[in-house]
Amino acid sequence: MKPVLAALSGMCLMLCSAAGRAQQAHEHGVAELHVAADADELVIEFASPLESLVGFEHEPRNEAQRAALAAAEARLRDFDSLFSLPVAAGCVLRGVALDSPWLQGAAHAHLHDAAHAHARDHVDGHAELVAGYTLRCEEPAALDALGLSLFEAFPRLREIRAERVSAQGQGAATLRPQATVLPLR
Ligand SMILES: [Zn+2]
């Protein structure tokens, strides 16, 4: 396995399951972002406390809370409204996957019934949402930075701890509302 792919699968072990993540302590207002580039593939994973996206972390109890969850999901599926990549890189979104205990999207309903949510995803009163994006980029050499609009979209977020990995190396940065660009090289 190539090193970057190995790093990717390692990320996945940590990040692909909101259920697994919820068992770790998280800090409200602080999210994580992992970016991996391998040849023309670009994978972005955003993991946040649910509280920091919708203001609560329990099963939705009324129409307003269901609507808040649905709105957050819709926004997170709208990649171009949250992330910006260099136009020269020619990146095309290939897929979006969301994982969280109470997703409102119909496609998710069969995976997470209420019992499942309580049993696995909602641990010690905390819950997370993980959004994964897969892109293919025509000119990966032009991938020099990733810009974020996540702080505008989700004002409860105050910090995003970002890590990147590619064949060129690894890096980390703490992003804040005043510093929303992650260098990719
Ligand atoms: Zn929490």
Side-chain angles (χ1 to χ4, degrees), residues 2 4-22 26 30-50 52-54 69-108 111-112 121 127-154 156-157 159-168 170-175 180-185:
K2 288 187 286 184
V4 172
L5 287 178
L8 263 177
S9 59
M11 266 170 49
C12 214
L13 286 177
M14 289 174 59
L15 282 174
C16 284
S17 161
R21 293 188 46 79
H26 66 202
V30 179
E32 293 178 18
L33 186 73
H34 290 241
V35 180
D38 188 33
D40 62 351
E41 289 278 331
L42 182 68
V43 176
I44 298 172
E45 287 185 337
F46 170 68
S48 172
L50 200 54
S52 306
L53 304 178
V54 297
L69 277 174
E73 287 167 28
R75 188 70 197 264
L76 285 165
R77 289 186 185 283
D78 186 5
F79 179 87
D80 290 336
S81 84
L82 297 175
F83 299 94
S84 57
L85 288 161
V87 174
C91 297
V92 175
L93 185 67
R94 308 286 294 219
V96 179
L98 301 185
D99 188 13
S100 195
W102 306 291
L103 287 181
Q104 303 297 294
H108 197 262
L111 292 174
H112 281 78
D121 289 353
E128 301 224 331
L129 190 147
V130 180
Y133 308 89
T134 308
L135 299 99
R136 184 157 295 164
C137 303
E138 277 178 30
E139 296 290 343
L143 283 173
D144 56 358
L146 172 66
L148 307 183
S149 301
L150 286 159
F151 294 106
E152 292 154 38
F154 302 106
R156 288 173 171 270
L157 282 177
E159 186 176 313
I160 298 174
R161 294 171 186 164
E163 292 181 3
R164 62 166 179 84
V165 58
S166 72
Q168 284 75 47
Q170 303 187 19
T174 299
L175 305 174
T180 61
V181 176
L182 174 67
L184 292 180
R185 55 165 79 128

>> Testing the basics here: between Arg75 and Ser81, what is the closest heavy-atom pair and its distance to 0.1 Å?
In response: NE-OG, 2.8 Å

> Taking all atoms of both residues into account, what is the closest heavy-atom pair of Pro86 and Ala145, and its distance?
Replying inline: CD-O, 3.3 Å

> If we only count heavy atoms from C-beta on, is the Val35 to Val165 side-chain gap below 4.5 Å?
Replying inline: no

>> Just checking Arg94: does its CZ atom have more than 12 heavy atoms from other residues, nucleotides or ligands closer to it than 6.0 angstrom?
In response: no

> Are Leu135 and Val43 close enough that some pair of their side-chain heavy atoms sits under 4.5 Å apart?
Replying inline: no

>> Quick check for you: to the nearest 0.5 Å, what is the distance between Phe154 atom CZ and Ser48 atom OG?
In response: 8.0 Å

> Under a 4.5 Å cut-off applied to non-hydrogen side-chain atoms, are Phe46 and Leu148 in contact?
Replying inline: no

>> Looking at every non-hydrogen atom in both residues, tell me the closest pair between Ser100 and Leu50 and how far apart they are.
In response: OG-CD1, 3.7 Å

> Between Leu150 and Thr180, is a side-chain contact (heavy atoms from CB on, under 4.5 Å) present by the stated rule, with each step listed?
Replying inline: CA-CA 8 Å; Leu150 286 159; Thr180 61; over 6 Å; no

>> To the closest 0.5 Å, what do you measure between CZ (Phe83) and CG (Leu33)?
In response: 5.5 Å

>> Looking at every non-hydrogen atom in both residues, tell me the closest pair between Ala31 and Pro49 and how far apart they are.
In response: CA-CD, 4.4 Å

> Can you tell me how far CG of Leu143 sits from OG of Ser166, rounded to the nearest 0.5 angstrom?
Replying inline: 9.0 Å

> Any side-chain heavy atom of Glu138 within less than 4.5 Å of one from Asp40?
Replying inline: no

>> Are the side chains of Val54 and Leu129 in contact, using a 4.5 Å heavy-atom criterion?
In response: no

> So, does Arg185 use its side chain to make a donor-acceptor pair with the main chain of Ala141 at under 3.5 Å?
Replying inline: yes

> So do Leu146 and Ser84 actually touch side chain to side chain, heavy atoms under 4.5 Å?
Replying inline: no

> Looking at side-chain heavy atoms only, is the closest gap between Arg136 and Leu42 below 4.5 Å?
Replying inline: no

> What distance do Glu152 atom CD and Leu157 atom CG have between them, rounded to the nearest 0.5 Å?
Replying inline: 11.5 Å

> Do the charged groups of Arg161 and Glu163 touch, with an N to O distance under 4.0 Å?
Replying inline: no

> Which atom pair, heavy atoms only, marks the closest approach of Glu73 to Leu103?
Replying inline: OE2-CA, 3.0 Å

> Say you draw a straight line from CG of Leu82 to OH of Tyr133; how long is it, rounded to the nearest 0.5 Å?
Replying inline: 5.5 Å

>> Counting C-beta onward and ignoring hydrogens, is there a side-chain heavy-atom pair between Arg156 and Leu53 closer than 4.5 Å?
In response: no

> Hey, what do you get for CD (Glu32) to CD (Glu128), rounding to the nearest 0.5 Å?
Replying inline: 7.5 Å

>> With side-chain contact (heavy atoms from CB on, under 4.5 Å) as the criterion, how do Glu159 and Leu175 come out once you've worked through the C-alpha distance, each side chain's angles and the decisive distance to 0.1 Å?
In response: CA-CA 6 Å; Glu159 186 176 313; Leu175 305 174; over 6 Å; no

